[in-house]
A.B. asks: 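Here it is, the structure in full.
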Amino acid sequence: MKRVHVLITILLLAASIIFAEGTKYGEEITLKDKTDINTILSSPDKYEGEKVLVEGEIVEVCGSSGCWIKISDEKTSRIITVKVEDGVIVFPESVKGKKALVEGIVYAKETTPESGGDCGSKVSCGGCGGSKSKMTKVYQIKGLGAVIS
């Protein structure tokens, strides 16, 4: 009987450690050093094509298929979109408001205001200025793996 109690205690301790780390999505995170979202958005050309590790609060989640999240830099509140491959990672809407640690590759997406790009958000939009024909670059992260807690 004593062995059963010890076993149950060990299992409960292991489960609490696993859940304390957060829920994992996609690939394992391999990077150790974090890059501030604001730093990326302030010099996006420097980071384009680079693998980064970012952390912040999830402020928005794709409501239709869970294929993206928007995370906010804790210091400046600037926001970057993390887009994941459809169906490979699916973020539930319940993660909104939680803390995310995301590893992925920075890339530029060409967009116009009428295409529903990130114009008007806190993402560095390049000054669309309401021009419907002006193309602009919006920097995002291609999400490879995430831990949400």
Side-chain angles (χ1 to χ4, degrees), residues 10-149:
I10 291 171
L11 290 173
L12 288 173
L13 182 59
S16 67
I17 290 171
I18 290 168
F19 289 116
E21 291 178 1
T23 304
K24 296 177 183 175
Y25 296 85
E27 299 173 12
E28 289 291 323
I29 291 177
T30 59
L31 297 176
K32 302 289 183 225
D33 297 327
K34 298 174 195 166
T35 304
D36 289 335
I37 293 166
N38 185 53
T39 301
I40 295 168
L41 294 176
S42 295
S43 302
D45 292 338
K46 177 181 174 186
Y47 292 94
E48 191 170 356
E50 297 293 319
K51 187 185 276 191
V52 295
L53 180 65
V54 296
E55 184 174 46
E57 180 184 343
I58 299 171
V59 294
E60 197 173 338
V61 182
C62 173
S64 61
S65 60
C67 64
W68 55 261
I69 56 174
K70 291 187 180 195
I71 58 175
S72 174
D73 182 85
E74 294 175 348
K75 296 174 190 164
T76 65
S77 298
R78 290 185 77 184
I79 296 169
I80 195 163
T81 299
V82 176
K83 174 70 174 96
V84 296
E85 192 173 334
D86 293 348
V88 174
I89 298 175
V90 177
F91 295 110
E93 289 188 63
S94 63
V95 300
K96 185 176 178 181
K98 295 186 178 184
K99 191 173 192 175
L101 184 65
V102 177
E103 183 174 282
I105 300 170
V106 177
Y107 71 98
K109 174 184 173 187
E110 296 259 335
T111 187
T112 60
E114 71 272 10
S115 71
D118 290 318
C119 297
S121 72
K122 293 180 183 176
V123 174
S124 178
C125 187
C128 298
S131 170
K132 296 199 180 278
S133 62
K134 186 172 182 172
M135 294 296 288
T136 187
K137 282 186 179 179
V138 176
Y139 289 88
Q140 300 182 335
I141 296 175
K142 177 185 178 189
L144 302 173
V147 177
I148 298 177
S149 55

A.B. asks: If I compare all heavy atoms of S42 with all of P44, which pair ends up nearest, and what's the gap?
C.D. replies: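 For S42 and P44, the tightest heavy-atom pair comes out as C-CD, 3.5 Å.
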A.B. asks: Could you pull out the closest heavy-atom pair between A108 and E48, with the gap in Å?
C.D. replies: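 Shortest heavy-atom contact: CB-OE2, 3.6 Å.
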A.B. asks: Within a strict 4.5 Å, meaning less than it, do heavy atoms of the K51 and L144 side chains meet?
C.D. replies: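 Counting from C-beta outward, K51 and L144 do come under 4.5 Å.
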A.B. asks: Hey, could you give me the SG/CD distance between C67 and E85, rounded to the nearest 0.5 Å?
C.D. replies: 11.0 Å
A.B. asks: How close do V61 and P92 get, heavy atom to heavy atom, and via which atoms?
C.D. replies: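 Scanning both residues completely, I find the closest heavy atoms to be CG1-O, 3.8 Å.
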A.B. asks: Measuring from atom CD1 of I29 to atom CG of L53, what distance do you get when rounded to the nearest 0.5 angstrom?
C.D. replies: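 If we round to the nearest 0.5 Å, I29:CD1 and L53:CG are 5.5 Å apart.
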A.B. asks: Might you point out which heavy atoms bring G22 and S149 nearest each other, and give the distance in Å?
C.D. replies: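 Residues G22 and S149, closest heavy atoms: CA-CB, 4.0 Å.
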A.B. asks: Considering only heavy atoms from C-beta outward, does the side chain of E50 approach that of V106 to under 4.5 Å?
C.D. replies: no
A.B. asks: Tell me, which pairs form a ring-ring contact (aromatic ring centres under 6.0 Å, His included) where one or both residues lie in residues 25-52, sequence neighbours left out?
C.D. replies: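 Listed once each, the pairs are Y25-F91.
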A.B. asks: What's the separation between atom CG in L41 and atom OG1 in T76, rounded to the nearest 0.5 Å?
C.D. replies: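 So the CG of L41 and the OG1 of T76 are separated by 8.0 Å.
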A.B. asks: Side-chain donor-acceptor pairs under 3.5 Å in residues 30-38, sequence neighbours left out?
C.D. replies:
{"unit_1": "T30", "atom_1": "OG1", "unit_2": "E103", "atom_2": "OE1", "d": "3.3"}
{"unit_1": "T30", "atom_1": "OG1", "unit_2": "E103", "atom_2": "OE2", "d": "3.1"}
{"unit_1": "K34", "atom_1": "NZ", "unit_2": "E55", "atom_2": "OE1", "d": "2.8"}
{"unit_1": "D36", "atom_1": "OD2", "unit_2": "K75", "atom_2": "NZ", "d": "3.4"}
{"unit_1": "N38", "atom_1": "OD1", "unit_2": "R78", "atom_2": "NH1", "d": "3.0"}

A.B. asks: State the NZ-NZ distance between K96 and K70, to the nearest 0.5 angstrom.
C.D. replies: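 NZ of K70 is found 11.0 Å from NZ of K96.
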A.B. asks: How would you list, by chain and number, every residue that makes a side-chain hydrogen bond (donor to acceptor under 3.5 Å, both in side chains) with D45, sequence neighbours excluded?
C.D. replies: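 side-chain hydrogen bond (donor to acceptor under 3.5 Å, both in side chains) list for D45, sorted by chain: Y139.
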A.B. asks: Is the shortest heavy-atom distance from the side chain of K83 to the side chain of K142 under 4.5 Å?
C.D. replies: no
A.B. asks: Could you work out, with side chain to side chain contact (heavy atoms under 4.5 Å, CB included) as the rule, every residue matching K24, not counting sequence neighbours?
C.D. replies: E21, E28, V147
A.B. asks: Once rounded to the nearest 0.5 Å, what's the spacing between atom OG of S77 and atom CD of E57?
C.D. replies: 9.0 Å
A.B. asks: Once you round to the nearest 0.5 Å, how far does CD1 of I148 lie from OG of S94?
C.D. replies: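 The distance works out to 8.5 Å.
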A.B. asks: Grab the two heavy atoms, one from V84 and one from G66, that are nearest each other, plus how far apart they are.
C.D. replies: CG2-O, 4.2 Å
A.B. asks: Search all heavy atoms of V102 against all heavy atoms of A146 and return the closest pair with its distance.
C.D. replies: CG2-CB, 4.0 Å
